[in-house]
Amino acid sequence: MADDIKPHGGGAEPDYRFTLANERTFLAWLRTALGLLAGGVAVHQLVTSAAGAVLAGLCVALAAVLAATAYPRWRRVQVAMRAGEPLPPSRMILVLTGGLLTLIVAAAVLLVVS
């Protein structure tokens, strides 16, 4: 049934509050990606060692993953709401948690080494 439903058409019109909440979640993923990108650029500019470049690269890579998956996630949730189906699970929460843990460990190592 969800195959013929589009994010803005088909199925039942969801409560506008849920649609707006889905949009806010999408924008939060993008803000997080933008923050990681800014952090990566800052680390690259301020830490001139190879470890700094690795840390900056991890920040930028995680930002790219988040930005690339934000819209497909928004779309899947919007279609599920219109189809009256359960919301799809989000693997990005696990990816973001693991990525941030990796960044924290890398930053801690960088602080200890320098």
Closest non-hydrogen atom pair between [X] and [Y], with its separation:
X	Y	value
Ile93	Thr97	O-OG1, 2.8 Å
Gly52	Val47	CA-CG1, 3.6 Å
Ala80	Pro86	CB-O, 3.7 Å
Cys59	Gly40	CB-CA, 3.6 Å
Ala67	Ala33	N-CB, 4.0 Å
Pro7	Val79	N-CG2, 3.9 Å

Say you draw a straight line from [atom1] of [X] to [atom2] of [Y]; how long is it, rounded to the nearest 0.5 Å?
X	Y	atom1	atom2	value
Leu62	Thr102	CG	OG1	8.5 Å
His44	Leu55	NE2	CG	12.0 Å
Leu30	Leu34	CG	CG	8.5 Å

Can you confirm whether [X] sits close enough to [Y] that some side-chain heavy atom of one is under 4.5 Å from a side-chain heavy atom of the other?
X	Y	value
Val60	Leu36	no
Ser49	Leu110	yes
Leu87	Arg76	no
Arg82	Pro14	yes

Do [X] and [Y] land in one hydrophobic cluster if side-chain heavy atoms of ILVMFWY residues count as linked below 4.5 Å?
X	Y	answer
Leu37	Val54	no
Val109	Val112	no
Val43	Val41	no
Val77	Tyr16	no

Original post:
In chain order, what residues pass the ring-ring contact (aromatic ring centres under 6.0 Å, His included) check against Tyr71, with sequence neighbours excluded?
Top reply: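 Result, ring-ring contact (aromatic ring centres under 6.0 Å, His included) vs Tyr71: Trp74.
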Original post:
How would you list all residue pairs meeting side-chain hydrogen bond (donor to acceptor under 3.5 Å, both in side chains) that involve residues 21-34, not counting sequence neighbours?
Top reply: Asn22-Gln78
**OP:** Please step through side chain to side chain contact (heavy atoms under 4.5 Å, CB included) for the pair Leu100 and Leu103, ending with a clear verdict.
**Re:** CA-CA 5 Å; Leu100 286 176; Leu103 286 172; 4.1 Å; yes
**OP:** Could you tell me whether a side-chain N or O of Arg73 sits under 3.5 Å from a main-chain N or O of Pro88, the two making a donor and an acceptor?
**Re:**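 Indeed, once roles are kept as given, a pair shorter than 3.5 Å links the two residues.
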